[in-house]
Amino acid sequence: MPALLWLRRDLRVADHPALLAARDAADGELAVCFVVDPVLWEGGGPVRRAWLAASVRAVADKLGGRLVLRAGDPAEVVPALVSELGATSVHVTRETTPTGAQRDRRVRRLLEEGGGGGAGAPAGGASVEWVETGTPYAVGPGLVRNGSGDPYQVFTPFSRAWREHGWPEPAATPRSLDLVELPAEARAEKLLDEALADDDLPTMPDAGEDAALRRWRHFLDDGLSDYASARDRPDLDGTSRLSAYLKVGAVHPRSLLADLAGRRGKGAETYATELAWREFYADVLHHHPRSAWRDLRDGLAGLRYEEPEDAVEAWRTGRTGYPVVDAGMRQLLAVGWMHNRLRMITASFLTKDLHVWWPVGARHFLDHLVDGDLASNNHGWQWVAGTGTDAAPYFRVFNPVTQGEKFDPDGDYVRRWVPELAHLPGKAAHQPWNHPDGYAHGYPQRIVDHAEERREALARYEAARR
DNA sequence: TGCGACTTGGC
DNA sequence: CCAAGTCGC
């Protein structure tokens, strides 16, 4: 019986349970499709669009060019494909984000009613089976519960229970796939081409699961042993840089955890904990879909915010006059990625030094990050802003100079991304105001006084808590 | 229910 | 040394 596998956040062939389920159901008549959905396509910025396009192209190659690419509303496109193929089942990896899950409910209902079908579908079609296999996570969101059966609100107990819950071994990689070929749709191909042709795109890594696995092997050999300490150093290449691949499902976290299982040491454990953060935030979003763009806790509902347009623009473009903040923001624009330490520093600066509401920053990050993930990004922002789970205590305000000197001790990171400071030696790059030539090459003056804004932020928090 | 524990800091 | 609320058991 013909079957259709609809790819979304699972753009790979290895360790893909839904692919295996679809193959087994199809009995030789399997088609694999990707739908360029205008809601997702236009909802994200050009960077995410380009990374997704590159990742789709990569999985198409991996499938021997037999990926069926279509454009349009999935509620029309998927039933139409089902008719074209005569499929009796549609297979997916379960989507767990609010919009993705809602879209899937809609498509599923249409298929099960048999009333879907785009143009040319036979009237009164038969019911089509909707099969969800696996999720983009080692443990599906919603499965980790505390002793009372409730979801966790705090990371550490979650991570313990998450490890205890465990996960299956990676799924087998299919030896060969005999896929049904359907006519390509020029409009969808054109959308991918356009997304990749943008002149203003940052430098992106190679897309696809082969590139992801190469990077992972390299990290296992070269990075893992120092990971626990190096991961916090933006001047070193201490992280795995896998986040963008995880985002599109070019690699499944279960595969990574399986490789870590055989390795002793702090690095392997710390890396697993970072994956646990990703799973925790997906779990939180699963239970609190509204927390994507609203305060998870309403304790700071009375906090007073500013909308300083010029200052926010200076933040976005990396011209705040605080070297480490500007380096982070420029790295984001240049390569579509920012070191995690910088995500915290720049987020703290926007929320506590400029007193701007966190969604303004979360939006900017999502628009420019190749790894932009709603759950991790927005809950991370809420952690900094003090409205999330496990929120940072409100009195914890990052000092951009202290942070810079601590985590970029030689100033290398700053000089790499802020050429106007490239002439300053060592950690002098963190304080151009203390160097006679500090502003010799056009670096902007500080737009605010950190000590003053810190006091202001604390006063505002104090007032809001009453 | 009481109590230990809590990613990432600043001064 | 400051600062503090709340989660989880």
Side-chain angles (χ1 to χ4, degrees), chain A residues 144-165 227-236 238-239 243 266-267 269-281 283-284 287-288 291 295-303 322 324-325 328 338-353 358 375-377 379-409 413 430-431 449-466:
Chain A
V144 176
R145 307 275 180 154
N146 66 19
S148 323
D150 296 323
Y152 284 97
Q153 317 272 351
V154 168
F155 173 72
T156 305
F158 171 90
S159 69
R160 275 195 277 267
W162 174 79
R163 279 173 208 263
E164 199 144 316
H165 182 285
Y227 180 70
S229 55
R231 63 175 289 277
D232 235 347
R233 287 280 300 275
D235 55 331
L236 308 176
T239 71
S243 54
K266 191 99 169 65
E269 176 155 348
T270 305
Y271 196 86
T273 302
E274 296 309 312
L275 289 175
W277 272 101
R278 177 174 177 273
E279 309 248 334
F280 174 61
Y281 282 143
D283 188 73
V284 172
H287 291 291
H288 308 277
S291 72
D295 291 354
L296 190 67
R297 295 164 190 281
D298 53 15
L300 292 176
L303 197 61
Y322 284 92
V324 82
V325 173
M338 196 197 292
H339 190 279
N340 179 59
R341 170 61 46 182
L342 272 300
R343 298 191 197 200
M344 292 189 286
I345 296 171
T346 56
S348 178
F349 191 83
L350 186 74
T351 55
K352 312 249 165 120
D353 286 73
W358 65 265
S376 297
N377 182 65
H379 290 123
W381 270 89
Q382 294 211 49
W383 179 84
V384 174
T387 65
T389 51
D390 261 350
Y394 72 90
F395 48 82
R396 190 173 288 167
V397 178
F398 282 56
N399 180 318
V401 175
T402 312
Q403 287 280 313
E405 291 179 340
K406 186 165 175 195
F407 296 105
D408 177 29
Y413 179 76
H430 289 294
Q431 298 193 69
D449 179 87
H450 171 71
E452 198 175 300
E453 301 308 334
R454 174 177 184 274
R455 283 191 296 274
E456 173 67 19
L458 293 179
R460 289 180 185 221
Y461 275 76
E462 206 52 65
R465 289 188 319 125
R466 288 203 200 99

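In the text below, chain A, chain B and the rest are named by the order of the sequence lines, each starting its count at 1. All of these numbers come straight from a predicted model, not from anything done at the bench.
Shown here are the salt bridge (Lys or Arg N to Asp or Glu O under 4.0 Å) partners of Glu456(A), two or more places apart in sequence or in another chain: Arg304(A), Arg460(A). Listed by chain and residue number, nothing satisfies the ring-ring contact (aromatic ring centres under 6.0 Å, His included) test with His430(A) (two or more places apart in sequence, or in another chain). In this structure, the side chain to side chain donor-acceptor pair (under 3.5 Å) partners of Thr273(A), at least two apart in sequence or on a different chain, are Arg163(A). Contacts of Tyr271(A) classified as side chain to side chain donor-acceptor pair (under 3.5 Å), with partners at least two apart in sequence or in another chain: Ser240(A). Looking at residues two or more places apart in sequence or on another chain, you find a salt bridge (Lys or Arg N to Asp or Glu O under 4.0 Å) between Asp235(A) and Arg233(A). Applying the salt bridge (Lys or Arg N to Asp or Glu O under 4.0 Å) rule to Arg231(A) yields the partners Glu274(A); only residues at least two apart in sequence or on another chain are considered. Applying the salt bridge (Lys or Arg N to Asp or Glu O under 4.0 Å) criterion to Asp232(A), with sequence neighbours excluded, gives Arg341(A).
Per the geometry, CG belonging to Leu458(A) stands 16 Å off P belonging to dC2(C), to the nearest Å. Distance, Tyr461(A) OH to dC2(C) C1': 18 Å, rounded to whole Å. If you measure from atom CE of Met344(A) to atom C1' of dG9(B), you get 10 Å, rounded to the nearest angstrom. Rounded to an integer number of Å, the gap from Phe398(A) CZ to dG10(B) C1' is 11 Å. Between Lys352(A) atom NZ and dG9(B) atom P the separation is 12 Å, expressed in whole Å. Nucleotide dC6(B) holds its P atom 13 Å from the CZ atom of Arg396(A), rounded to whole Å. One atom, CH2 of Trp277(A), and another, C1' of dC6(B), lie 10 Å apart when rounded to the nearest Å. Regarding His450(A), its NE2 atom lies at a distance of 10 Å from the C1' atom of dG9(B), rounded to whole Å.
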Encoded 5' to 3' (Watson-Crick or G-U under 3.5 Å; [ ] crossing; | other strand), DNA chain C becomes ||..|||||

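Side chain of Ser348(A) to backbone of Phe398(A): a donor-acceptor contact under 3.5 angstrom is found. The closest donor-acceptor contact from the side chain of Gln403(A) to the backbone of Ile345(A) lies at 3.5 Å or more, if one exists at all.
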Per-nucleotide protein contact along nucleotides 4-9 of chain C, 5' to 3', at a 4.0 Å heavy-atom cut-off (B base, S sugar-phosphate only, - neither), is SS-SSS

